[in-house]
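Worksheet: the structure to be examined is printed underneath.
In this text the structure is predicted, and so the values were computed from the model without any measurement. In what follows, every chain begins at residue 1, and chains take the letters A, B, ... in the order their sequences are listed.
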Amino acid sequence: MLHGDIGLELGQRVAGALKAALDVEITPEQAIVRPSAPGRGADYQCNAAMSLGKQVGKSPRELAQLIVDHLDAADIVTTPEIAGPGFINFTLTESWLAAEARTLLSDDRLGVPATDDPGRYVIDYSSPNVAKEMHIGHVRTTVIGDCFVRLLEFAGHEVIRRNHLGDWGTPFGMLIEHLLDEGWTAESASSIADLDGFYKAARVKFDSEPEFAERARARVVKLQGGDEQTLTLWRGLVAESEKHFAEIYRLLGVKLTKEDSIGESFYNPFLADTVEELTAKGLTKISDGALCVFPPGFVNREKEPLPIIVRKSDGGATYGTTDLAGVRYWTQERKVTDLLYVVGLPQQQHFQMVFAVGEQAGWLDGDHRARYLGFGSILGSDGKMFRTRAGGTVKFIDVLTEAVDRAAEVVRGRAELDAQEQAEVARAVGIGAVKYADLSTDREKDYVFDWDKMLATEGNTSVYLQYANARILSVLRKAEREPGDEILVEQAAERALVLKLLQFPAALAGSVETYAPHKLCGYLYETATAFSSFYENCPILKADTEERQASRLALARLTSRTLVLGLSLLGIDAPTRL
RNA sequence: GCGCCCAUAGCUCAGCUGGAUAGAGCAUCGGACUUCUAAUCCGACGGUCGCAGGUUCGAAUCCUGCUGGGCGCGCCA
């Protein structure tokens, strides 16, 4: 099957028919073969005849008939029917469905091909600030970024995780000066428990004491100048922060580790060269004392060109400088093919400008692509930015502990789990719920954070998927035999489930190509509901023949494998019991 | 003022890049457990796709305008 995609396979056959009938060449994609809406009596439909008819000078129905007449697809579908203005309806044969499903039984990748064009990706995500506690604002970038890592790795790409820590810049003068004032040393600095409080205290002092602010500014210069005592203290702060981040990442179950920290400070040695190269290429201009790049097409409110400031009037660098140095470093030094930025939507324009400059500088081109993957905000039930009842920032760790606590409540008294298992399940369910809520709606839209909805056992939630899987595994445990290696497609619910399982590769491809985890979520939900229906209608352990039981056990296992793999690509665990 | 995004069932969301009668879940109502995990399943109810034009065989989807909301727009990152 072409890329494991039924639609593409049929599209290829349609393309072949068109070639045979009229010597017209189209790609399988251009054949526009899509799953039909339920209840229309067909599995797939070809929508190409209407638009193509005009080009070849035939009526759509006439063209559709020509395609059908020359179609070589009897191994897959029954005789296609032409309907309406020129739709070609395909119904897959039970024998083909059975044969295809059979091949999945021994396929670790469940029909998903590895990419034939592997790239080297670097993904910028999570990006917390040193000396500040992670908060609700880091949830989406961390969860979504981790999902992309998993999806791209599974697709067969090399993926470099990049945690772009906020570990440099003006706040660190204030932090280090406060460190010294409070009598911390480089060694003890890594044991400050309340980093957030520490940051706030420094901030207050900075805002209220001019003398301190003055020292803080001087300290920034020392830091950026490479003063050893300052650097040592700075490293202590970073180390302490990384402990906190690691704790969140561990609890959350994302792949980020300390080794993935490539913070702003990393680019410090490249900033001067980057600015120099931009200048050498004639892209910079001094404006109001700052060195700027003006990418074409961006204007401010006065319709004047909008700059990226690469060197402030005081000589300092900005995040624009750092981001440009990053584009330069990863494309030129590390030879990555794709740079992905999982950063909130408010920063869209900034990245568009950075990419535009990257192209002007020749760092980005057809072989070195950059893509900004923005995401919407998490809202409270009032439709405004999600905050605590007191109006404060919601801490990341509080979200996770509350999720696990609430999940424990949901799981309590459930099944025959001991305390240890209950705790593990609560974690899988609670964390899964937070991640799934984040991944299951359109990435670019805002979504409303709602504990009851995300932990609901009905509807499109991770708990429902986890439950469906646990149920399957329970049946498999109770079976007194191994699943068979033949698939029977007899009942309607059985047929629907098999078709759904065969659509996994296409669903996954759609999710990866458009960086849309919610498409995978939707597919998994449909698969779980298809299984539930099958479970109600098709007895497994009590099937009336050996063959049926063997086949249904195989289908059950296949469904479980699909759910588990799908969930794992989302970064969500699937407990064996629930 | 300029730019970007959003508006679909009472609520929360899909709608596969222009296809057929716009789909799920929740809520409401009605059914199904001496049967493999009922945390489930089956059915019913529910729509002026924000408004108005346009493009064409065909628009929730593309274009223009408007209304209502969110965000961004020079030395924080």
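Annotated as syn: B:rU17, whose O4'-C1'-N torsion sits within 90° of 0.
At a threshold of 4.0 angstrom between heavy atoms, the contacts of A:Ala506 with the nucleic acid are absent. Residue A:Asn537 is classed as having no contact, given no heavy-atom separation below 4.0 Å to the nucleic acid. Nucleic acid contact class of A:Thr441 (heavy atoms, under 4.0 Å, all strands): sugar-phosphate only. Here A:Pro346 lies in heavy-atom contact (under 4.0 Å) with sugar-phosphate atoms only. At a threshold of 4.0 angstrom between heavy atoms, the contacts of A:Thr461 with the nucleic acid are absent. Residue A:Pro35 is classed as a base contact, given a heavy-atom separation below 4.0 Å to a base. In this structure, A:Cys538 reaches the bases: a heavy-atom distance under 4.0 Å links it to at least one base atom across the strands shown.
Within the 4.0 Å cut-off from OP1 or OP2 of B:rC41, not a single side-chain nitrogen or oxygen of A:Thr529 is found. The shortest distance between the side-chain N/O atoms of A:Lys312 and the OP1/OP2 oxygens of B:rC76 is below 4.0 Å. For the pair A:His518 and B:rG15, the criterion of a side-chain N or O lying under 4.0 Å from OP1 or OP2 is met. Residue A:Arg40 places no side-chain N or O under 4.0 Å from the OP1 or OP2 atom of B:rG19. Proximity of A:Lys445 to the phosphate of B:rU12: no side-chain N or O atom is located under 4.0 Å from OP1 or OP2. For A:Tyr464, a side-chain nitrogen or oxygen approaches OP1 or OP2 of B:rC41 to under 4.0 Å. Listed pair A:Arg471 / B:rA38 meets the phosphate criterion, a side-chain N or O lying under 4.0 Å from OP1 or OP2. Not one side-chain nitrogen or oxygen of A:Lys519 sits closer than 4.0 Å to the OP1 or OP2 atom of B:rA14.
If you take atom C1' in B:rU61 and the same atom in B:rG19, they sit 11 Å apart, rounded to whole Å. The separation of B:rC76 from B:rG10, taken at their C1' atoms, amounts to 44 Å, rounded to a whole angstrom. Rounded to the nearest Å, the gap between the P atom of B:rA27 and that of B:rU40 is 10 Å. Nucleotides B:rC4 and B:rC66 are separated by 14 Å at their P atoms, to the nearest Å. Comparing the P positions of B:rA24 and B:rU67 gives a spacing of 37 Å, expressed to the nearest Å. On the C1' atoms, B:rC33 is 48 Å away from B:rG70, given to the nearest whole Å. B:rA14 and B:rU8 have their C1' atoms separated by 10 Å, with the value rounded to a whole Å. Of the C1' atoms belonging to B:rG50 and B:rC45, the separation is 25 Å, rounded to the nearest Å.
Each of B:rC41, B:rC73, B:rA77 was ranked by its minimum atom distance to the side chain of A:Glu536; first place goes to B:rC41. Looking at the side chain of A:Tyr319, the nearest of the listed nucleotides B:rA77, B:rA20, B:rC13 is B:rA77. Among the nucleotides B:rC57, B:rC4, B:rC36, the one closest to the side chain of A:Lys54 is B:rC57. For A:Thr318, the listed nucleotide lying nearest its side chain is B:rA77; candidates were B:rG74, B:rA77, B:rG72. Nearest nucleotide to the A:Ala470 side chain, out of B:rU37, B:rC42, B:rA14: B:rU37. Here the side chain of A:Ser532 is nearest to one of B:rC41, B:rG74, B:rC13, namely B:rC41. The side chain of A:Ser533 sits closest to B:rC41 out of B:rU37, B:rC41, B:rU12. Here the side chain of A:Glu458 is nearest to one of B:rU12, B:rA27, B:rG74, namely B:rA27. Taking the side chain of A:Tyr525 as heavy atoms from C-beta on, and the options B:rA24, B:rC57, B:rC13, the nearest nucleotide is B:rA24. Looking at the side chain of A:Ile309, the nearest of the listed nucleotides B:rU40, B:rC36, B:rC75 is B:rC75.
Separation of atoms CG (A:Leu563) and OG1 (A:Thr527) is listed at 6.5 Å; rounding is to 0.5 Å. For the atom pair OG1 of A:Thr559 and CZ of A:Arg557, the computed distance is 11.5 Å after rounding to the nearest 0.5 Å.
Taking the 5.5 Å centre cut-off and the 30° plane limit, the aromatic side chain of A:Phe298 is not classed as stacked on B:rG3.
The side-chain tip of A:Arg371 does not point at the ring of A:Tyr341 from less than 6.0 angstrom away and within 45° of straight on.
Taking 3.5 Å as the limit, the base of B:rA20 and the side chain of A:Asn89 contain a donor-acceptor pair of atoms between them. Residue side chain A:Ser51 does not reach the base of B:rG18 through any donor-acceptor N/O pair under 3.5 Å, judged by distance alone. Residue side chain A:Gln45 reaches the base of B:rA20 through a donor-acceptor N/O pair under 3.5 Å, judged by distance alone.
Between the side chains of A:Tyr436 and A:Asn460, a donor-acceptor pair is found at a separation under 3.5 Å. Donor-acceptor pairing under 3.5 Å is lacking for the side chains of A:Tyr267 and A:Asp323. Counted by atom type alone, A:Thr514 and A:Lys519 present one or more donor-acceptor pairs between their side chains at under 3.5 Å. Side-chain N/O atoms of A:Tyr464 and A:Ser532 include a donor and acceptor closer than 3.5 Å.
Base-pair partner of B:rA9: not found among the strands shown (Watson-Crick or G-U wobble, both distances under 3.5 Å). Using N1 to N3 plus N6-O4 or O6-N4 for Watson-Crick, or N1-O2 and O6-N3 for G-U wobble, each under 3.5 Å, B:rG43 pairs with B:rC29. If you check B:rC49 for Watson-Crick or wobble pairing at under 3.5 angstrom, you find it has no partner at all. The base-pairing partner of B:rU21, taking Watson-Crick or G-U wobble contacts with both distances under 3.5 Å, does not exist among the strands shown. When both pairing distances are held under 3.5 Å, B:rA59 makes no Watson-Crick or G-U pair with any nucleotide shown. Base pairing annotation: B:rG3 forms a Watson-Crick or G-U wobble pair with B:rC71, both donor-acceptor distances under 3.5 Å.
Using the six-membered ring where Trp is involved, A:Tyr523 and A:Phe504 have ring planes that are tilted, between 30° and 60° apart.
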| said: One pair to check against side chain to side chain contact (heavy atoms under 4.5 Å, CB included): A:Leu278 and A:Leu283. What are the steps and the verdict? | reply: CA-CA 5 Å; A:Leu278 287 169; A:Leu283 298 173; 3.9 Å; yes
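The CG-P distance, from A:Asp446 to B:rA14, rounds to 11 Å in whole Å.
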